[in-house]
Amino acid sequence: MSVRTRFAPSPTGFLHIGGVRTALFNWLLSRRDGGQFILRIDDTDQQRHVEDAVGLILEGFEWMGMDWDEGPKVGGPHAPYYQSKRGDRYKEAADALVASGHVYRDYSNEAERAADKKEAEYQKRAFRFRGKVNSEEEIAAYDAEGRTYALRFRVPLGRALILQDAIKGPVEQRTDELGDFVIVRPDGSPLYNFASVVDDADMQITHVVRAEEHLANTFSQLLVFEALGYPLPTFAHVPYVAAPGSKKKLSKRDGAVGLDEFINEGYLPVAMMNYLAKIGWSYDASTEVFSRADLIEKFSLDKVNSSPASHDPDKLFWLQGEWMKTLTIEEKVEKTAPYVANMQAWIDWNSRRKLPDFRSEGVLPFLKTPSTEPPPPQLAAVIEALGDRLKTFCDIIKLGSYFFTEDVHFDPDAVKKRLRKEGVVEILTSLRKIFVEVEPFDVPTLEAAVHTYAEQTSSHMGLVVNALRVATTGQAVGPGLYDCLAILGRDRSLKRIDQALVMLSQPS
RNA sequence: GCUCCCGUCGUCUAGUCUGGUCUAGGACACAGCUUUUUCACAGCUGCAACACGGGUUCGAAUCCCGUCGGGAGUACCA
């Protein structure tokens, strides 16, 4: 039988990178063995806007390039893939368990259970729900009273359950530690530990790879599998992803954790995939860079670490830089063009996300629909000049916005450090005159002209070049100066030198 | 409280099953140097860890016990 894995997200309208990693492990495992990867939506009937939220999730998967063989949009032989629509199946399975005596009706109400719990706490013993055996008369009386009941699984006592976890190894649990658990609420809705077993069995899932927080639940699920007579899948519980530099679980408070934020910043799917695979998984002692194909070929569960790993934005950024180097200028032009065309929209989003009450907005609209407009003519030259400085696509805005605007915005620190210096006004004034006449206005000519000027006046090159850079770009750092000037062109260069001169004539 | 999981440089990890090749290797980050008109890239150098305490052994990161620390579960949440 081929490998069948699944990812079963709750449609919360937000794709956490920790969840994406879990999904990736599932996907990788299925792709490696030529099996199937199933997407199942663990929604509950009460949730609203499920479709919108599912859309956000699918968007993330599509971007990552993790395709699914069965699930929303594509359907499949085990449809429906929404838990809220599988009520009939849960009902069938629950009936079977009632018939086989594995579950019983629990007529208790919340107040009674709370009292029992309190009593257990008082006696300093662990509370384990154990159903009372109701006589026929009691049941009749409760029904007459109109009392509702939940269906509970009767946990067999005195057994030791052993889970052979593919990541954690063998984990043992005595059934005496498990309380009888509810599988169906009085209103007929199923609970996770039950529904997920029915779904996994129905969908013939062979490998359940999920977050570690489910490890303890697995023992209850094992019992359900057994009672229903379903074959057991292989379980693998992956450790949670911790916040940067900590051992606490990664949460929304710890900076960007939504996949959409990385998409909007212009990360590469392959870099994200490489990074996510590397948190908590390693192939050997030294390989860091893995392509999609490498990952599919080399991934295995036994190399997944059993201890939690923390999210490391620096490492992601570095990997992104590595993958960025593999792109051609044309590819970079295509990917950065939307940012240039929607600069203000991106800047607005970027400031919004820094607000404390920021809520995930999904992928920015202009990144979803490719623009039909041709990219600005200088874009390729700007990218060429930026070289390896361009790490993510939004860097075109962070690093090169001045190439696409008419006026400059001077960075105060840069002005202070490079322009408010002895002799700078004379240098700029002289160079301005030279730039009016220099022909052609290109890199070699410009370079020669500036060099000649510096030699003739015995000016220090660093002083000249840095002053010119800040005067024309407003920034202290950037691509080579002559590249900047040539891209800016004569008119804008002169205009900006004038602007700088005006500014310098005023006291700081 | 009880049950279970986890514990190697600041971070991600190799090594743990099958004790010696580990005076613990690689990567990110950081610091310094080289190159450079700035930054980035590249190259070099440096910094830095076996949670703690016992035990077994000629020998322990590796095996055993305990302690401490972190996490999960203990729901009519998922």
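Just so we're on the same page: letters track the sequence lines, and every chain starts at 1.
- Geometric assessment of A:R105 against the ring of A:Y149 yields a positive cation-pi assignment under the 6.0 Å and 45° thresholds.
- The residue A:S196 sits apart from the nucleic acid: no heavy atom pair falls under 4.0 Å.
- With hydrogens and angles ignored, a donor-acceptor pair under 3.5 angstrom links the side chain of A:K315 to the base of B:A27.
- Distance check on atom C1': B:G10 versus B:A51 gives 16 Å, rounded to whole Å.
- With a cut-off of 3.5 Å on both Watson-Crick or G-U wobble distances, the partner of B:G53 is given as B:C65.
- Pair assignment for B:G19: none, as no Watson-Crick or G-U wobble contacts are both less than 3.5 Å.
- At a cut-off of 3.5 angstrom, counting only N and O atoms as typed in the model, there is no donor on one side facing an acceptor on the other between the side-chain of A:R418 and the base of B:U38.
- Residue-to-nucleotide proximity on RNA chain B shows that, of A:W318 and A:E177, the 5′-proximal contact is made by A:E177.
- The partner of B:G10, taking Watson-Crick or G-U wobble pairs whose two distances both stay under 3.5 Å, is B:C28.
- One finds no side-chain N or O of A:S306 lying less than 4.0 angstrom from the OP1 or OP2 phosphate oxygen of B:C5.
- Not a single donor-acceptor contact under 3.5 angstrom links the side-chain atoms of A:N217 to the base of B:A72.
- Annotation: side chain of A:H16 is not in contact with side chain of A:V20 (no heavy-atom distance under 4.5 Å).
- For the C1' atoms, the distance linking B:A27 with B:C63 amounts to 30 Å, nearest Å.
- Taking the P atoms as reference points, B:A31 lies 13 Å from B:C41, given to the whole Å.
- Separation of the P atoms belonging to B:U62 and B:G15 is 15 Å when rounded to the nearest angstrom.
- For B:A60, there is no paired nucleotide, since no Watson-Crick or G-U wobble pair has both relevant distances below 3.5 Å.
- In this structure, A:V477 and A:R469 approach most closely via the heavy-atom pair N-CD, 4.1 Å.
- Dashed line: the shortest gap from a side-chain N or O of A:R128 to OP1 or OP2 of B:U74 is not under 4.0 Å.
- Between the CZ atom of A:F317 and the C1' atom of B:C12 there is a distance of 18 Å, rounded to whole Å.
- For the OP1/OP2 pair of B:G15 and a distance below 4.0 Å, the side-chain nitrogens and oxygens of A:K303 include at least one atom meeting the criterion.
- Residue A:S286 places none of its side-chain N or O atoms closer than 4.0 Å to OP1 or OP2 of B:A27.
- Nucleotide B:G1 has B:U74 as its partner under the Watson-Crick or G-U criteria, with both atom distances under 3.5 Å.
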